[in-house]
K.L.:
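Here you go, one structure.
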Amino acid sequence: MNTSACQGRTLWQVGRLVADTARGDGSDQDLELLDEIRRAAANMGLVGPAVSLAEDPPGAAQALDTWLAAGHHGEMSYMARLGRHRADPRTWAAWSRRVALFAQGYDHGSPCPTTPSRAAISRYARGLDYHDILKENLSRLVLIFQKAGYRALPFVDSSPLMEKALAAASGLGWIGKNGNLLLPGSGSFYFLGGLVTDAEWPLDSPVEEECGTCSICITACPTAAIIAPGIIDARRCISYLTIELKGAIPRDLRPLMGNRVFGCDDCQDVCPFNAPPQPAGHTAYRGDQIHIDLLSLAALDAESFRQRFRHTPIWRARWRGLLRNVMVALGNWGSPAARDALAGGLEHAEPLVREHAAWGLGRIGDLTSLALLTRRLPVEPHGAVRDEIQRCLAEAARA
Ligand code: SF4
Ligand code: SF4
């Protein structure tokens with residue numbers, strides 16, 4: 001995951017300068033705590049801690065400003081709202097002296113199905129919600145800090161901090177051209193989290209960026225969302241479109257989404273650093289989300305969606321968002337076998353679902369699908385849905 005990255009490739013170089021000039025060795029008590037945390041983290045299956053100063057990762061705030069100013073964050077207004085406050089841990093915990101970064105592997109085993117009738121769900125979303133699991137692990141580490149008389153606060157994604165920039169500054173990995181943090185020798189199928197603490201631990205050095213001349217991820221991106229090495233235009237990224245975007249998916253991007261209904265792994269799948277076999281990842285992140293067909297997702301009602309996905313990352317898309325994505329995927333399947341599910345979507349209570357169901361029927365484009373659209377048009381109360389139906393019928397007439 002980590003698709004919202006906006007940090008530049010040279011962070012590690014700048015970060016190394018800072019680490020070399022500001023290195024502190026820590027007291028014996030600090031170092032004893034560090035050893036204890038290392039052991040506890042390893043027992044939990046965490047990689048880390050990698051330690052950096054509790055301050056702006058070099059260049060991160062400026063890179064974030066540039067990314068926000070270009071509008072690459074799309075509807076993620078919380079990123080604009082928090083702005084550069086995200087970069088500096090001290091704005092969140094004034095007493096903090098160090099940031100300790102951790103990574104927790106998730107199931108990287110099977111790639112998403114490419115069969116058009118099956119739902120492609122990003123690997124990270126196949127099990128339980130990482131916010132809960134990783135935060136719980138980090139909270140157990142916090143207890144160790146507290147017992148030793150230190151302060152510590154955990155953060156996982158939902159906090160106001162920039163995990164990836166901090167992780168790069170701490171040497172946990174480097175930010176690849178696909179915007180993900182790559183752990184040396186281990187790749188990018190990891191969740192990131194960390195702790196801010198007042199323990200004066202020795203600093204770790206940033207690692208060498210190893211992408212080199214490779215740019216496979218940039219060319220593999222189905223929507224050309226990687227606009228420069230390490231910089232993602234979220235407005236084109238399928239992860240954003242299927243998870244964060246609350247409204248209609250831009251029409252020109254829908255055909256490029258294929259069967260992806262939640263997230264996208266393409267730029268990670270092709271990365272050579274993800275090719276070698278890796279440990280299986282935390283068991284909580286393994287699930288059966290790889291075996292779902294689109295028709296069964298389209299048939300979910302609100303309650304069955306809640307029961308099935310409440311404790312998984314898919315919950316974030318909400319029922320209407322997932323159904324919107326499924327309607328697009330059914331349209332991309334393009335088979336008459338998808339028609340009944342799309343016809344059901346065209347009658348859905350949510351205009352957003354109806355709009356994308358109309359698009360899906362237009363994409364199938366056979367006489368029966370067009371008849372369904374024609375029948376719906378005079379009774380459709382919502383303007384955006386009517387517009388979509390009219391566009392589909394006009395396109396069919398031109399074809
Ligand atoms: S490959 Fe997928 S996840 Fe990666 S940037 Fe492109 S659309 Fe986003
Ligand atoms: S695919 Fe190549 S360029 Fe992209 S992140 Fe991996 S190593 Fe770097």
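In this chain, numbering begins with 1 at the start of the sequence shown. Remember, it's 1-based here, ligands and their atoms both numbered in the order they're listed.
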K.L.:
Is the closest side-chain donor-acceptor distance between S188 and N274 under 3.5 Å?
P.N.:
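Note: S188 and N274 side chains meet the donor-acceptor criterion.
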K.L.:
Between R97 and E200, does any side-chain N to carboxylate O distance fall below 4.0 Å?
P.N.:
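Result for this pair is yes, salt bridge flagged.
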K.L.:
Would R363 and N332 count as having a side-chain donor-acceptor pair, cut-off 3.5 Å?
P.N.:
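Looking only at side-chain atoms, N332 and R363 do form a donor-acceptor pair, the distance falling under 3.5 Å.
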K.L.:
Please could you name the atoms of ligand 1 that I226 approaches to less than 4.0 Å, counting only its heavy atoms?
P.N.:
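Counting atoms of ligand 1 from 1, those under 4.0 Å from I226 are 5 (S).
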K.L.:
Considering only heavy atoms of C221, which atoms of ligand 1 have at least one such atom less than 4.0 Å away?
P.N.:
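Here the atoms of ligand 1 in question are 1 (S), 5 (S), 6 (Fe), 7 (S).
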K.L.:
Anything protein N/O/S under 2.8 Å from atom 8 (Fe) of ligand 2? Just list residue and atom, please.
P.N.:
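Listed by chain and number, the atoms are C211 SG.
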K.L.:
Suppose I only count heavy atoms of S239 and a 4.0 Å limit; which atoms of ligand 1 are within that range?
P.N.:
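Numbered from 1, ligand 1 contributes 3 (S).
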K.L.:
In terms of side-chain heavy atoms, does D30 have a donor or acceptor partner in Y150 at a distance below 3.5 Å?
P.N.:
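Yes, because at least one side-chain N or O of D30 sits under 3.5 Å from a partner of the opposite role on Y150.
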K.L.:
Taking it one step at a time, do Y240 and D233 satisfy side chain to side chain donor-acceptor pair (under 3.5 Å)?
P.N.:
CA-CA 9 Å; Y240 166 82; D233 184 346; over 6 Å; no
K.L.:
Near T223, which atoms of ligand 1 are under 4.0 Å from a heavy atom of that residue?
P.N.:
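In order of number, 7 (S).
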K.L.:
Is E355 salt-bridged to R324, cutoff N-O under 4.0 Å?
P.N.:
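So E355 does not pair with R324 through a salt bridge.
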K.L.:
In ligand 1, which numbered atoms sit nearer than 4.0 Å to a non-hydrogen atom of I238?
P.N.:
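Checking each atom against I238, I get 7 (S), 8 (Fe).
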K.L.:
Under 4.0 Å from any heavy atom of D266, which atoms of ligand 1 are there?
P.N.:
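Reading through ligand 1 atom by atom, the close ones are 1 (S).
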K.L.:
List the atom of L256, the atom of R236, and the distance in Å for their closest heavy-atom pair.
P.N.:
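Residues L256 and R236, closest heavy atoms: CD1-NH2, 4.5 Å.
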K.L.:
If the threshold is 4.0 Å, N to carboxylate O, is there a salt bridge linking E36 and R39?
P.N.:
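Looking at E36 and R39, the cut-off is not met.
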K.L.:
Looking at P222, which atoms of ligand 1 are within less than 4.0 Å of one of its heavy atoms?
P.N.:
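Those of ligand 1 that fall under 4.0 Å from P222 are 1 (S).
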K.L.:
Any salt bridge linking K246 with E75? Criterion: basic side-chain nitrogen under 4.0 Å from a carboxylate oxygen.
P.N.:
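E75 and K246: not salt-bridged.
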